[in-house]
Number of protein chains: 2
Amino acid sequence: MKNLEQLKNEFANLSEFLIAIGDETRQAIIIALLEDNACNGLRVNDLTEVTDLSRPAISHHLKILKQAHLVDFRREGTKNYYYLSHNISEIEQLRQLLTHVSDIIDKEQ
Amino acid sequence: MKNLEQLKNEFANLSEFLIAIGDETRQAIIIALLEDNACNGLRVNDLTEVTDLSRPAISHHLKILKQAHLVDFRREGTKNYYYLSHNISEIEQLRQLLTHVSDIIDKEQ
DNA sequence: TTTAATGGTTTAAAAATAAGAACCAAAAGG
DNA sequence: CCTTTTGGTTCTTATTTTTAAACCATTAAA
């Protein structure tokens with residue numbers, strides 16, 4: 001079945017994204033960034049307060065979130081402002097994957 | 001904002017599911033189960049062949065997939081037949097979460 | 001041009017996850 | 001009742017992930 005080969009790729013391409021959003025610490029970071037409706041972006045130290053983690057730990061999780069294209073940041077002097085990416089293409093990709101899987105399961109019922 | 005508290009819960013409730021489907025070995029198991037369009041279910045030894053892993057390793061991953069409500073199984077004597085759950089409610093929950101997140105991001109633009 | 005602030009990186013430790021060998025239990029078949 | 005098949009569960013080891021202390025580089029401020 002040709003479809004399943006495609007599905008396998010869709011799945012593999014989303015691994016990083018899924019692992020990124022599966023972790024509860026990173027979920028807390030994402031929520032904090034969603035809460036920032038002023039949309040200025042949050043700094044690393046803002047996030048250490050939210051999560052009770054050290055700066056290197058936050059930095060590490062932000063790196064994972066950046067690699068998964070979930071967050072982006074801008075520099076202003078020495079300050080880094082993190083925010084959720086404006087177009088997270090993985091969201092739509094994941095939605096399509098879920099539809100694919102549902103379709104196959106329903107077909108086999 | 002009341003919505004974000006709800007979003008936080010939706011996220012937390014899906015952690016197990018997201019971690020389950022983020023792992024590439026477990027993705028391989030899911031694909032194999034999707035390929036079983038006869039829908040008889042696959043046995044542990046069928047899956048060891050697909051993935052080149054030991055039986056305890058497969059057993060371990062199946063446990064995680066069961067806890068995430070992704071797979072189910074039936075016994076026939078000593079034989080266990082694993083299959084994808086017929087109604088994976090987490091699929092719809094995740095779809096709604098993605099919509100929620102998109103909505104908030106778009107609103108803030 | 002010092003001094004302070006900001007924050008990434010490296011390093012090392014701790015914790016969690018994954019893996020297979022060995023073991024155990026249950027059911028089928030002789 | 002013994003033997004075989006099947007497959008879950010320890011148990012131990014290896015790997016990966018997470019964490020914070022220490023370190024370093026950059027920019028702003030004094």
Audit row: R95(A), S102(B), side-chain contact (heavy atoms from CB on, under 4.5 Å) steps and yes/no: CA-CA 11 Å; R95(A) 206 177 264 137; S102(B) 294; 3.8 Å; yes
N87(B), CG: over 12 other non-hydrogen atoms inside 6.0 angstrom: no
Qualifying residue for side-chain contact (heavy atoms from CB on, under 4.5 Å) with L42(B), from I29(B), V50(B), L33(B): L33(B)
Carboxylate-amine/guanidinium contact E76(B) R74(B), below 4.0 Å: yes
Exercise: identify the closest heavy-atom pair between Q27(B) and S15(A): NE2-OG, 3.0 Å
Rounded distance (Å) that lies between atom P of dT6(D) and atom CZ of R43(B): 5 Å
Distance test, side-chain N/O of N45(A) to OP1/OP2 of dT6(C), below 4.0 Å: no
Nucleotides 9-22 of chain C: protein proximity per nucleotide (B base, S sugar-phosphate only, - neither; heavy atom, under 4.0 Å): B--------SSBBB
Euclidean distance, atom NZ of residue K79(A) to atom C1' of dT26(D) [Å, nearest integer]: 14 Å
Verdict with supporting geometry, K66(A) and F73(A), side-chain contact (heavy atoms from CB on, under 4.5 Å): CA-CA 9 Å; K66(A) 276 186 281 181; F73(A) 73 105; 3.9 Å; yes
N80(A) side chain near dG8(C) phosphate (N/O to OP1/OP2, under 4.0 Å): yes
Closest approach of L18(A) to G22(B) (non-hydrogen atoms, all atoms of both residues): CB-CA, 3.8 Å
Per-nucleotide protein contact string for nucleotides 25-30 of chain C (B base, S sugar-phosphate only, - none; heavy atom under 4.0 Å): -BBS--
Nearest-angstrom distance from the residue atom CG of L65(B) to P of dG8(D): 13 Å
Length of the CG-C1' vector between L42(A) and dG7(C), whole Å: 15 Å
Sugar-phosphate, base or nothing in reach of Y82(B), heavy atoms under 4.0 Å: sugar-phosphate
Y81(A) six-ring centre to R75(A) NZ/CZ under 6.0 Å and within 45° of normal: no
Closest non-hydrogen atom pair, D36(A) against G41(A): OD2-N, 2.8 Å
Integer-rounded Å distance: dT17(D) C1' and E16(A) CD: 15 Å
Atom pair distance, as rounded to whole Å: CD in Q67(A) and C1' in dG8(C): 14 Å
For atom CZ of R74(A) and atom C1' of dT26(D), their distance in whole Å: 18 Å
Separation of atom CD1 in I29(A) from atom C1' in dT19(D), rounded to whole Å: 13 Å
